[in-house]
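Note on naming: letters A, B, ... go to the chains in the order of the sequence lines (proteins, then strands), and numbering restarts at 1 for each one.
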There are 2 protein chains.
Amino acid sequence: MIQKAIEPDVAGESRLEDLVGYHLRRASVADMNDFVRCFRAEGLRPIPFSVLCAIDEQPGTTSAEICRILGLQRANIVSILAEFDERGLIERHSDPNDQRIQRLSLSAEAKSLLPGWRARVVEREEKLFHTLTAGERRTLCELLARVWKGAE
Amino acid sequence: MIQKAIEPDVAGESRLEDLVGYHLRRASVADMNDFVRCFRAEGLRPIPFSVLCAIDEQPGTTSAEICRILGLQRANIVSILAEFDERGLIERHSDPNDQRIQRLSLSAEAKSLLPGWRARVVEREEKLFHTLTAGERRTLCELLARVWKGAE
DNA sequence: CGATAATGCTATGCGATATAGCGATTAATG
DNA sequence: CATTAATCGCTATATCGCATAGCATTATCG
C-alpha cells in the first residue's frame, strides 16, 4: 500500500486493478450472483426479469422491440418468452395489421407479482451497494449508462 | 426528459433504467464484446487475459491463488491454463516443498507479448469510454471496486 | 410484380459460471 | 504418532448468456 503511493505506476504498465473492464466484470458478476441467490425460489434470473420489466414498461410491444431495448438477440428471447407463456406470466396477441408480430403484455398474475419483485430487487441492490451512498449509486448508474449507450 | 424532471418516480416504482444491475450488465457486456472484437486475432478473451495478468503480477503463484484473486472457480481455470501451456505462454514448476501445487510464471514469449496486449487493452478502453473523462473513469473504477469488494 | 426487409423461430456452438466429486498431498488436531 | 481435516489440481456435468446462420411468413417499397 505504501509502496503503491510512492510508485503509483510502473513505466506505463497497467495493472489489472487499473482496468475498468476488470471491475465491471467483477461488479456485474457479484450483482448477477446476488440476484440469482435472491430469486432462486422464483426461478427468476436477471435477463428474464429485465424482459418482464420491459414488457411492463412497453405494453403491447413485440419481442423484436424488447430485444432492441435490452440488447438481446432475437433468437435468445424465444425460450424466455416461452417459459413466461407457460407460467402464465405473459400474453401474446396477434396484431390484426401485421401478422408477423405478436403484441406482448403481462398477465394479471404477472401484474400483481411484478411490483413485489421489483421492490425486492431494489431492496437487494441497497444491500449489495451498501458501501455506496445514494448519490454515489446515482453517479454509478449515470456513468454506466453513458458507457453502454456510447458503445451501442 | 422534461416529463422525468416533473415526475421523477411513479409511486415508488422502479424502472429498469433505475436499477444499477441493469446498467452494470449492459456496460459489462459492451466491454466484453469490445474486448473480444479487439483480440479476435489472438484468440484472447477477457478472463484468460486477466489470468495472464494475474500470473504476471504474482509470479510463482498457484492456480488456486489466481482463482481467489480473480474470483474464479478452481475447476474453471484448468482449461485456461492448459491452453496457455499448449501455446507456450506459461510455465508450471512443481514446488519441492509442496507436491500438490504448481508454481506458475509467464514464459519469455508471454513476457514479451503481454505489455503490448496490455497497452492495447488500455487504448481500447479509452475508445470505449470516450464519453467519460479521465476523472470519471477513475471514479467509475473506484465505485465498481467498492461494489464487488464489498460483496465478495 | 419483384426485391428487400422485418418477424418469430430453430439449431448450434462457445464462453463463463457453478456444483459435486476424486486422488494425492499436506496440515492440523487429539 | 495417528487420525482427521484441509488444500490442490483436476474431471465431469449442467446452466445461462450470447453469438451466428438460416428459414418461412409477412410487409414494404421501388
For atom [atom1] of [X] and atom [atom2] of [N], their distance in whole Å:
X      : N      : atom1 : atom2 : result
A:I77  : D:dA19 : CD1   : C1'   : 15 Å
B:R92  : D:dC8  : CZ    : P     : 16 Å
A:N33  : C:dA16 : CG    : C1'   : 11 Å
B:N97  : D:dT7  : CG    : C1'   : 16 Å
A:D31  : D:dC16 : CG    : P     : 18 Å
A:R40  : D:dT15 : CZ    : C1'   : 11 Å
A:F49  : D:dC16 : CZ    : C1'   : 18 Å
A:Q102 : C:dA6  : CD    : P     : 19 Å

What does [X] touch in the nucleic acid at a heavy-atom separation under 4.0 angstrom: a base, only the sugar-phosphate, or nothing?
X     : answer
A:R37 : nothing
B:L72 : sugar-phosphate
A:A64 : sugar-phosphate
B:D98 : sugar-phosphate
A:V36 : nothing

Side-chain donor/acceptor of [X] to base of [N], under 3.5 Å:
X      : N      : answer
B:R74  : D:dG9  : yes
B:R100 : C:dA24 : no
B:N76  : C:dA18 : yes

Measure from the side-chain heavy atoms of [X] and tell me the nearest of [options].
X     : options                : result
A:Q73 : C:dT10, D:dA19, D:dA27 : D:dA19
A:A75 : C:dT17, D:dT20, D:dT11 : D:dT20
B:Q99 : C:dG8, D:dA19, C:dT26  : C:dT26
A:R25 : C:dA11, C:dT17, D:dC10 : C:dT17

Query raised in the report: Would a distance-only check, ignoring hydrogens and angles, find a side-chain to backbone donor-acceptor pair under 3.5 Å from B:R92 to B:Q102?
Result: no

Query raised in the report: Checking A:R26 side chain against B:L70 main chain: does a donor-acceptor pair fall under 3.5 Å?
Result: yes

Query raised in the report: What class does the angle between the rings of A:F49 and A:F39 fall in, given that below 30° is parallel, 30 to 60° is tilted and above 60° is perpendicular?
Result: parallel

Heavy-atom check, side chain of [X] versus side chain of [Y], under 4.5 Å:
X      : Y      : value
B:R87  : B:E109 : no
A:R37  : A:D34  : yes
A:E125 : B:D18  : no

Query raised in the report: Looking at A:R26, does any N or O in its side chain come under 4.0 Å of the phosphate oxygens OP1/OP2 on C:dT17?
Result: no

Report task. Tell me which of A:L81 and B:R45 sits closer to the 5' end of DNA chain C, going by the nucleotide each one is nearest to. Result -> A:L81

